[in-house]
Amino acid sequence: KRLWGMVLGLLCLTRLHAVANASSAAAMKHCAAVHVLEAVSFGYEYLFAGAKASPAIFAVIVANAGWFSSIAARLTH
C-alpha cells in the first residue's frame, strides 16, 4: 500500500508538471510516458499476477494513458 501511495504521489506530481507546462511537448511526453508505464505495470499485476482490483480502475488507468499520449502526440514544439 505504501508503494502504491508513492506511485500515486509521483503521478500527481507529473500531472501538476504537465498542467504548469501544458504547451511543452517534453512535459506532456513525460506525463504520457509515466501514465503508460503505470498502465503496463498495473495491467501486468491485474491480468497476470493475480492482483485483486476493480476492472473500472484498470479501465481508467488505460484511458488516462491513452488520453495523455494523444495530447503529447499532437504537440510539436
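Note that these values count all heavy atoms, side chains included, but never hydrogens, waters or copies made by symmetry. Quick caveat: nothing in here was measured; it's all calculated off a predicted structure.
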Q: Any donor and acceptor pair, going by atom type alone, linking the side chain of His35 with main-chain N or O of Cys31 inside 3.5 Å?
A: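 Judged by distance alone, yes, a pair lies under 3.5 Å.
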Q: Let me confirm one number: the CG-CG distance from Leu8 to Leu3, rounded to the nearest 0.5 Å.
A: 10.0 Å
Q: Atom CG in Leu13, atom NE2 in His17: separation rounded to 0.5 Å?
A: 10.5 Å
Q: Show every side-chain hydrogen bond (donor to acceptor under 3.5 Å, both in side chains) that has at least one partner inside residues 56-75, sequence neighbours left out.
A: Ser70-Arg74
Q: Show the atom names and distances, to 0.1 Å, of all donor-acceptor pairs under 3.5 Å that link a side chain in residues 36-63 to residues at least two apart or in another chain.
A:
from	atom 1	to	atom 2	distance (Å)
Ser41	OG	Leu37	O	3.1
Ser41	OG	Glu38	O	3.2
Ser54	OG	Ala56	N	3.1

Q: Leu10 versus Val34: any side-chain heavy-atom pair under 4.5 Å?
A: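 In short, these two side chains do not touch, never coming nearer than 4.5 Å.
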Q: So, for Ala18 and Met28, which heavy atoms are closest and what is the spacing to 0.1 Å?
A: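 Minimum heavy-atom separation between Ala18 and Met28: CB-SD, 3.5 Å.
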Q: Please report the interatomic distance OG(Ser24) to NE2(His30), rounded to the nearest 0.5 Å.
A: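 If I round to the nearest 0.5 Å, the distance is 11.0 Å.
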